[in-house]
Amino acid sequence: MSLLDYFKITKASSASVAKERLQILVAHERSFKNQPSYLPQLQKELIDVIKKYVNIEQDAITVRLEQDEHQETLEVNIVLPEKSR
Amino acid sequence: MTRIIVVTSGKGGVGKTTTSAAIAMGFAQKGHKTAVIDFDVGLRNLDLIMGCERRVVYDIVNVIYGEATLNQALIRDKHCEQLYILPASQTRDKDALSQEGVGQILEELAAKDFEYVVCDSPAGIEKGAHLAMYFADDAFVVTNPEVASVRDSDRMLGILSSKSRRAEQGLEPIKEYLLLTRYSPERVRIGEMLSVADVQDILSLHLLGVIPESKSVLTASNSGMPVILDEKSDAGQAYADIVARYLGEDKPHRFIEEKKGLFGKFFGSK
């Protein structure tokens with residue numbers, strides 16, 4: 001510990017903010033990169049099927065594949081529209 | 001055996017051409033027959049950094065289209081006779097390059113006993129950048145300690161591991177190395193800049209070297225001399241270290257810590 005360290009500013013440095021933002025972003029982008037190439041097509045076909053029964057928007061569905069050491073999970077999330085009165 | 005090295009980054013302006021010129025000169029100075037190829041068709045600049053812009057007659061596109069032989073297009077460097085430059089075309093656009101054509105040029109260089117071929121990639125992830133990295137054995141990923149550059153480097157790593165010849169043919173993957181350029185230890189200390197460790201944490205890459213922010217890079221490009229020839233400069237020494245390290249010499253990392261003045265010696269830590 002040097003004399004100068006006592007005068008250092010303690011608030012989060014811009015570099016640590018940058019690191020945190022990058023870590024989140026890069027992890028997010030890598031998760032997309034490793035997805036199998038059939039996912040977009042799967043998502044499109046799922047929308048077509050559901051649309052036969054419920055009127056949903058194109059972006060009302062998210063499909064993602066999660067991997068951990070033991071298993072792969074295909075997560076499909078469909079947001080149904082609020083009931084039209 | 002010819003080793004093909006791509007100098008890449010995704011983002012522009014981080015120092016790809018400066019790095020390509022410096023390391024190609026470094027290999028050649030060590031006695032290795034080396035070629036450096038500018039893949040930035042339409043916006044060639046390697047010739048300018050290497051100081052051979054007035055000797056360009058033919059370029060890579062002429063060779064691909066059979067308008068000139070490879071021998072006619074290769075420019076022998078005036079400082080080092082082991083070094084040859086293959087310039088990019090200025091008049092054609094990037095679609096003038098073809099995978100087949102580039103592959104043939106690289107095969108011909110191998111047949112001419114070139115030991116190292118340095119491919120200076122254009123910025124972006126379009127055709128020129130794709131072809132620069134496609135045949136590579138090693139990738140030097142040039143990154144600035146700055147958010148956009150780090151993100152683009154990560155994107156580039158994904159492309160290297162999925163779209164290259166080695167990936168497509170199921171060969172051993174491209175060896176990837178981090179070159180952190182424009183580094184300022186002083187700004188890192190006060191928390192204004194990502195540190196070497198931060199960038200390595202994010203990219204998980206083997207660090208080949210750190211090039212400090214240096215005035216010598218601009219003065220070198222002003223006079224068309226690769227910065228590695230300026231042996232007194234910090235950037236020149238950093239590139240010389242990188243070349244030595246890549247060739248298997250054991251060189252401790254420099255330029256990561258601040259140079260301490262008299263004041264720092266009295267008051268700094270350690």
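A note on names: the letters A, B, ... follow the listed sequences, proteins ahead of strands, and every chain is numbered from 1.
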Next on the checklist: Suppose we screen for side-chain contact (heavy atoms from CB on, under 4.5 Å). Which residues come up paired with A/Val63, at least two apart in sequence or across chains?
Outcome noted: A/Leu39, A/Leu42, A/Gln43, A/Leu46, A/Ile61, A/Leu74, A/Val76
Next on the checklist: If you count heavy atoms of other groups shown closer than 6.0 angstrom to CG of A/Asn55, is the number above 12?
Outcome noted: no
Next on the checklist: Tell me every residue that passes side-chain contact (heavy atoms from CB on, under 4.5 Å) with B/Glu100, counting only those two or more places apart in sequence or in another chain.
Outcome noted: B/Ser98, B/Gln104
Checklist entry - Should the heavy atoms of other residues, nucleotides or ligands under 6.0 Å from CD of B/Glu172 be counted, would the total exceed 12? => result no
Next on the checklist: Would you say CD of B/Glu168 has more than 12 non-hydrogen atoms from neighbouring residues, nucleotides or ligands within 6.0 angstrom?
Outcome noted: yes
Checklist entry - Pairs in or reaching into residues 2-13 of chain B: which pass side chain to side chain donor-acceptor pair (under 3.5 Å), with residues at least two apart or in two chains? => result B/Arg3-B/Asp138, B/Ser9-B/Lys16
Next on the checklist: If we define contacts as heavy-atom pairs under 4.5 Å, which of B/Met193, B/Arg151, B/Arg155, B/Arg187 has the most with chain A?
Outcome noted: B/Arg151
Checklist entry - Is the number of heavy atoms from other residues, nucleotides or ligands under 6.0 Å of A/Lys51 NZ greater than 12? => result yes
Next on the checklist: Give the interface residues of residues 17-27 of chain A toward chain B, defined by a heavy-atom separation under 4.5 Å.
Outcome noted: A/Ala18, A/Lys19, A/Leu22, A/Gln23, A/Leu25, A/Val26
Checklist entry - What is the minimum heavy-atom distance between B/Gly191 and A/Ser13, and which atoms define it? => result O-CB, 3.1 Å
